[in-house]
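The block underneath contains the structure these notes are about, expressed in structure tokens.
Quick note on labels: first sequence line is chain A, next is B, and so on, each numbered from 1.
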Amino acid sequence: MNRFRRLRPLLPFAAAALVAGFVAGCATPPSNPEDRAEYDATNDPLEPLNRHIFNFNRGVDFWLLRPVTVTYRELVPDAVQKMVTNFLSNLRQPLAAANALLQNNPERAGQAFGRFVTNTFVGVGGLFDAMPDVPAVNEDFGQTFAVWGSGEGPYLMLPFIGPSNPRDAAGLAVEYFVDPVDLVLSNHFDAAYLSNVRLGAEAVDDRSNNIDTLDEIERTSLDFYAVVRSLYRQRRSDEIRNGERPTTPPSGGRIFSETQKQ
Amino acid sequence: MRPLRSAGNVLVAAIVALLIGAWLLAPPAARADAFTDGARTYVRAMLDDGIRTLTPRELTDAERRQRLHDFIGRNVDLSGVAKAVLGRYWDPATPVQRQEFTDLFEQYLILSYVNSLQTYTGETFNFLNTADSGHGLAVVQLQILEQGEAPTRLDIDVRQAAGGRYQVVDMAVDGVSIITAKRSEFGAVLRQSGGIDRLNEILRKKNATLGGTN
């Protein structure tokens with residue numbers, strides 16, 4: 001997903017901050033068994049630190065990303081914004097194809113690769129979506145690791161990047177080195193700086209596409225941090241399952257029926 | 001028990017046994033089909049009802065909220081959902097606290113979602129799969145189609161209440177369930193604030209803010 005790619009060069013800093021914060025940021029597990037069960041289910045032992053980083057990220061968003069995004073939306077015509085979204089989405093397809101292959105899903109790999117080729121040549125470099133009936137494939141290394149059996153681990157809030165966990169953070173780190181588009185840019189065109197341009201563009205494009213939803217979620221939330229945590233986990237779990245119905249973690253319906261028994 | 005006298009009796013007994021077996025086994029399967037078919041028919045009607053009554057542009061805010069309240073009354077197992085959202089905090093709560101929470105939670109849902117109904121622009125629904133998901137629930141899966149946009153997936157969990165009436169118990173948009181999200185959020189508030197009375201107070205304040213801004 002685009003939002004994980006935001007400001008990737010800051011990843012080493014993020015890792016250092018996490019290690020430093022680990023000692024200071026751990027919550028003390030409660031001793032009461034019911035509280036303990038809930039603490040384990042929440043799976044956020046770094047919550048105090050994570051909340052600080054979350055507030056920091058909101059500051060970055062408020063002072064930098066959101067204003068830039070709002071200006072972008074005011075200045076750039078909708079049709080051009082749509083082209084930017086198409087173009088960036090198209091550039092994600094080679095990585096998606098590679099990950100679909102790693103997940104032993106050749107059908108999805110073919111879909112991603114077919115989209116990439118068609119949209120690059122027929123869709124004028126990816127500015128237009130020439131295959132609107134075939135959805136873009138969303139696969140990344142975090143999802144691949146999950147398919148390979150890696151658990152997500154505790155919830156992590158990464159500086160600048162946002163919600164994550166050790167598995168998805170490791171996926172980001174791998175992606176930093178092997179994204180096919182970035183490799184081509186740096187190896188064949190000596191234009192590695194374009195990767196950072198792409199990154200900035202993705203941050204703004206992604207923020208722009210989610211601006212109404214995010215504003216709405218923030219407006220209606222009692223605890224914005226907790227909502228984002230739940231939404232991130234549910235979205236990632238859905239992406240890993242490629243939209244199949246969940247069994248673990250249970251669907252909302254399962255939670256409903258289990259609570260009605262008493 | 002008297003011994004069976006002839007092969008004829010054995011045959012009759014076997015047929016009766018088979019019939020009883022078929023009667024015991026068949027109804028659940030037949031019921032499951034009727035259950036999921038009914039669920040799909042119900043969801044179709046519910047969505048039509050929602051679009052007809054909730055989305056007209058000329059409604060005032062107050063009218064739309066009132067209609068959404070009525071719609072929830074017709075279609076949602078509200079107390080069940082409130083119970084699921086509170087989780088382990090439901091049992092220790094008094095009936096008064098529970099009722100207060102349920103009412104505030106409904107207000108909160110209305111104020112959270114009423115704005116999105118205003119902006120309905122002719123999206124259509126494409127029904128995919130309907131399945132018996134066990135535990136007395138069926139899930140109706142569909143896509144929301146909007147011109148020029150990628151389809152949004154919507155899973156609607158329904159149950160059959162006493163009298164055969166269907167009720168919605170949860171909805172998940174692109175895999176994000178309302179019950180799961182709200183349970184997690186309210187759980188965080190309950191842990192920090194330490195009780196349902198405090199949660200009710202926070203909800204009341206939130207509702208006042210939300211009600212004033214739309």
Next on the checklist: The test is side-chain contact (heavy atoms from CB on, under 4.5 Å); show your working for T180(B) and R233(A) and say whether it passes.
Outcome noted: CA-CA 10 Å; T180(B) 308; R233(A) 283 203 175 124; over 6 Å; no
Next on the checklist: Is there a side-chain contact (heavy atoms from CB on, under 4.5 Å) between S221(A) and E185(B)? Walk through the geometry before answering.
Outcome noted: CA-CA 8 Å; S221(A) 64; E185(B) 179 185 17; 3.5 Å; yes
Next on the checklist: Could you walk me through whether R88(B) and D35(A) satisfy the side-chain contact (heavy atoms from CB on, under 4.5 Å) test, starting with their C-alpha distance in whole Å, then the side-chain angles of each, then the deciding distance to 0.1 Å, before giving a yes or no?
Outcome noted: CA-CA 10 Å; R88(B) 69 186 178 99; D35(A) 292 342; 2.9 Å; yes
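Using a 4.5 Å cut-off between heavy atoms, D212(A) makes no contact with chain B at all. Neither the backbone nor the side chain of A172(B) comes within contact range of chain A; no heavy atoms are under 4.5 Å apart. Heavy atoms of V139(B) lying under 4.5 Å from chain A belong exclusively to its side chain. Residue E34(A) touches chain B through both its backbone and its side chain, counting heavy-atom pairs closer than 4.5 Å.
Most heavy-atom pairs under 4.5 Å with chain A: of the set D170(B), V189(B), I179(B), V169(B), this distinction falls to V169(B).
When side chains are defined from C-beta on, L222(A) counts as touching L199(B), because their heavy atoms get closer than 4.5 Å.
Taking OH of Y108(B) as the start and OG1 of T220(A) as the end, the distance is 4.5 Å to the nearest 0.5 Å. In this structure, F256(A) CZ and L137(B) CG are separated by 6.5 Å, a value rounded to the nearest 0.5 Å. Distance CZ/R51(A) to CD/Q192(B): 4.5 Å, rounded to 0.5 Å. Put simply, CZ on R229(A) and OG on S184(B) are 5.0 Å apart, with the number rounded to the nearest 0.5 Å.
The residues K206(B) and D223(A) are annotated as not salt-bridged, no charged nitrogen and carboxylate oxygen being separated by less than 4.0 angstrom.
A side-chain donor-acceptor contact under 3.5 Å links R235(A) to the backbone of D174(B).
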